[in-house]
Amino acid sequence: MRKENLYMGDYQLGIAGLGVMGKNLALNFASKGFKTAVFNRTENITEEFISKHKDANIKGAFSLKDFISLLGRPRVIVLMVTAGQAVDSMIDNMLPLLEEGDIIVDAGNSYFKDTMRRSESLSKKGILFAGIGISGGEEGALKGPSIMAGCSQEAWQVIAPMFSSISAKAYDGSPTCDRMGPDGSGHYVKMVHNAIEYIDMQLISEVFHIMQHAGYTYSEMADLFENWNKGDLESYLIQITSKILRKKDSETGRSILDVIMDTAEQKGTGLWAAESSMELGVPVYSIAASVYSRFMSSRKEERVEASKHRPKSVKIEVDEDQLHDALYASKICAYSQGFYLLSEASRFYKWGIDNAAVAHIWQGGCIIRARLLQNVEDAFRDKQLKNLLLDPFLLKSVVEKEKAWRNLVSAAIDAGIPVPGMSSALSYYDGYFTSRLPANLIQAQRDYFGAHTYTRVDRQGSFHTEWERD
Ligand code: 6PG
């Protein structure tokens, strides 16, 4: 009965996977006038979705075969399934139904190496594959996300008009959607977006922790965050923090933050970014620190037990400018580390990612959208810029706030308040601007105990010393 009403080849794209993100993306495409076919392995979900949204531009299919036959050529199929094995099985099931030149778009949070592998194997079969990072959560998917595409120019020509029209807008009004480079580049950029998201959230939570110890009420904190959101710290995460701080739990009437457990989970993108930084040898301390902080948070029982063996942290005195400046300086270092990793990965994988374009598409729709990203985009117009901290404007901003930043980190350390985000950002900054680090001693120690040899300041080559041993 359902199959009789299919309009063969009429639909411009298909969405496979109707989780919240898939549903909202379908509604977004349809609202922009794209005829969108939808499919979900569980029939009920498709049935429920199309009966709830009687949109002339949306059509449900109840088998993969029907779904594929709804699509005009080249077919554009957007996968919105859970990253990992589910993506591979969906592709395997679809392949016999596809023809040369069709395009599969994986719009989930896939691991970039999987995307590289899939691009390569599908291109051998004549299928174009695009790995697209989409940020903005459920609301972004529906109203306008930030879109980071990794694909060939050939695929991009077909899908760019579709994706650009559903994206959010940057400060200058242009779409927050762009092609980052080939194969895994889009998912890599999304992974780095998430790594910056982790650092940003970690930094804000540290400021929140310090304010708790300084005796601020939630309402005072909310006022301060709201105020910051009118200035140079303006960002989505600062904005939602003020709203969270004012929210009451509907069941108990208590502040919502008092009933939420202090344990933060993760789905893996931050971890992948930390792993990639280690693989590529890029010193981005705060990415790892933010991931480790979530691990520490989830060891709740152990922490509760351990806390009985140590004196409580003491009260801390801070002023609001100091909090602002420390957060702002750390935030610049968060961007610096994210883009540093991105540049090195782009060089290593030969992706040719333009950091200015990345900073542009992160200005709207995504979780880390922030006013500061306009300065980051300006900085990366200088194509030779190796590190964001070398941009004169951004460096000056950090230097001006350095004293407050150091004082806050010292005060937190004195009070026994953990600040891994802020202090790792500070160590990154100090390390980057130190011409001679104490690694000469590390070289000597390695040579002493393992004859690993060392390099010298005055000659090329590897050297070994016969050390005196007792
Ligand atoms: C986004 C987000 C999103 C991510 C969540 C949760 O850009 O819309 O980054 O993709 O899934 O933020 O990530 P974690 O569970 O790893 O914190």
Side-chain angles (χ1 to χ4, degrees), residues 20 137-139 194 196-231 233-267 270 286 289-324 326-328 330-331 334 367-368 370 408-409 411-425:
V20 190
E138 296 170 21
E139 202 188 339
N194 283 25
I196 296 174
E197 175 184 302
Y198 275 51
I199 307 177
D200 228 344
M201 292 162 79
Q202 177 63 29
L203 294 172
I204 293 173
S205 74
E206 288 173 14
V207 167
F208 162 67
H209 199 181
I210 291 171
M211 286 199 278
Q212 282 182 304
H213 280 270
Y216 279 70
T217 64
Y218 288 150
S219 155
E220 286 164 346
M221 293 184 206
D223 289 345
L224 191 56
F225 277 98
E226 224 169 77
N227 214 10
W228 285 346
N229 200 42
K230 293 178 190 139
L233 276 175
E234 180 200 312
S235 64
Y236 174 71
L237 286 169
I238 292 281
Q239 183 203 334
I240 64 167
T241 302
S242 66
K243 293 190 175 160
I244 293 168
L245 284 160
R246 292 199 199 286
K247 184 80 180 162
K248 300 272 186 251
D249 173 40
S250 57
E251 279 177 42
T252 59
R254 295 168 65 193
S255 288
I256 194 88
L257 284 170
D258 285 340
V259 299
I260 297 180
M261 184 75 99
D262 55 325
T263 53
E265 297 302 323
Q266 53 194 313
K267 294 204 196 75
S286 310
S290 308
V291 176
Y292 285 139
S293 300
R294 293 207 190 175
F295 294 155
M296 183 61 91
S297 80
S298 43
R299 296 178 177 241
K300 175 73 177 175
E301 277 176 32
E302 226 173 309
R303 286 188 289 111
V304 169
E305 194 46 44
S307 70
K308 296 175 187 158
H309 301 280
R310 184 177 168 267
K312 296 257 171 305
S313 52
V314 296
K315 201 163 170 2
I316 184 171
E317 278 187 23
V318 287
D319 71 60
E320 290 171 5
D321 288 342
Q322 196 181 36
L323 291 166
H324 167 278
L327 188 53
Y328 190 73
S330 305
K331 193 172 165 67
I367 305 296
I368 63 164
L408 187 74
V409 170
I413 289 170
D414 277 348
I417 303 168
V419 282
M422 257 187 229
S423 59
S424 64

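In what follows, every heavy atom counts, from backbone to side chain, and hydrogens, waters and symmetry copies are set aside. Note that the structure is predicted; figures quoted are calculated from it, not measured.
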Polar side-chain atom of [X] near backbone of [Y] as donor-acceptor pair, under 3.5 Å:
{"X": "Ser235", "Y": "Leu233", "answer": "yes"}
{"X": "Asn194", "Y": "Glu197", "answer": "no"}
{"X": "Ser255", "Y": "Leu257", "answer": "no"}
{"X": "Glu220", "Y": "Thr217", "answer": "yes"}

Flag side-chain contact, heavy atom, 4.5 Å: [X] against [Y]:
{"X": "Leu327", "Y": "Leu323", "value": "no"}
{"X": "Met221", "Y": "Ser242", "value": "no"}
{"X": "Leu224", "Y": "Met211", "value": "yes"}

With a sphere of 6.0 Å drawn around CD of Glu139, does it hold more than 12 non-hydrogen atoms of other residues, nucleotides or ligands? no
Restricting to non-hydrogen atoms, name the atom on [X] and the atom on [Y] that form the minimum distance, rounded to 0.1 Å.
{"X": "Ser297", "Y": "Thr263", "result": "O-CG2, 3.2 Å"}
{"X": "Ile210", "Y": "Ala412", "result": "CD1-CB, 4.1 Å"}
{"X": "Lys267", "Y": "Tyr198", "result": "N-OH, 3.9 Å"}
{"X": "Arg310", "Y": "Gly416", "result": "NH2-CA, 4.0 Å"}
{"X": "Lys315", "Y": "His213", "result": "CG-O, 3.3 Å"}
{"X": "Val318", "Y": "Ala214", "result": "CG2-CB, 3.8 Å"}

To the nearest 0.5 Å, what is the distance between [atom1] on [X] and [atom2] on [Y]?
{"X": "Asp319", "Y": "Gln322", "atom1": "CG", "atom2": "CD", "value": "5.0 Å"}
{"X": "Ile244", "Y": "Gln239", "atom1": "CD1", "atom2": "CD", "value": "10.5 Å"}
{"X": "Glu226", "Y": "Ser219", "atom1": "CD", "atom2": "OG", "value": "9.5 Å"}
{"X": "Ile316", "Y": "Gln212", "atom1": "CD1", "atom2": "CD", "value": "12.0 Å"}
{"X": "Glu206", "Y": "Ser290", "atom1": "CD", "atom2": "OG", "value": "8.0 Å"}
{"X": "Leu203", "Y": "Met422", "atom1": "CG", "atom2": "CE", "value": "6.0 Å"}

Cation over ring, Arg246 on Tyr218, under 6.0 Å and within 45°? no
Do Thr241 and Ile238 pass the side-chain contact (heavy atoms from CB on, under 4.5 Å) test, and can you show the C-alpha distance, the side-chain angles, and the key distance before you say yes or no? CA-CA 5 Å; Thr241 302; Ile238 292 281; 5.5 Å; no
Evaluate salt bridge (Lys or Arg N to Asp or Glu O under 4.0 Å) for Lys248 paired with Asp258, printing each intermediate quantity in order. CA-CA 9 Å; Lys248 300 272 186 251; Asp258 285 340; over 6 Å; no
Residues two or more places apart in sequence or in another chain: which of them pass salt bridge (charged side-chain N to carboxylate O under 4.0 Å, His left out) with [X]?
{"X": "Glu138", "result": "none"}
{"X": "Asp262", "result": "Lys300, Arg303"}
{"X": "Glu265", "result": "none"}

Partner set under side-chain hydrogen bond (donor to acceptor under 3.5 Å, both in side chains) for Tyr236, not counting sequence neighbours: none
Who pairs with Asp200 by side-chain hydrogen bond (donor to acceptor under 3.5 Å, both in side chains), at least two apart in sequence or on another chain?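 Result, side-chain hydrogen bond (donor to acceptor under 3.5 Å, both in side chains) vs Asp200: Lys331.
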Please assess Ser286 against Ser424 for the test side-chain hydrogen bond (donor to acceptor under 3.5 Å, both in side chains), listing each intermediate value before the final yes or no. CA-CA 5 Å; Ser286 310; Ser424 64; 2.9 Å; yes
Just say parallel, tilted or perpendicular for the rings of Trp228 and Phe225, cut-offs at 30° and 60°. perpendicular
Go through the steps to decide whether Val304 and Glu301 satisfy the test side-chain contact (heavy atoms from CB on, under 4.5 Å), and finish with yes or no. CA-CA 5 Å; Val304 169; Glu301 277 176 32; 5.7 Å; no
Contacts satisfying ring pair (Phe, Tyr, Trp, His ring centres under 6.0 Å) that involve residues 291-318 (not counting sequence neighbours) are none
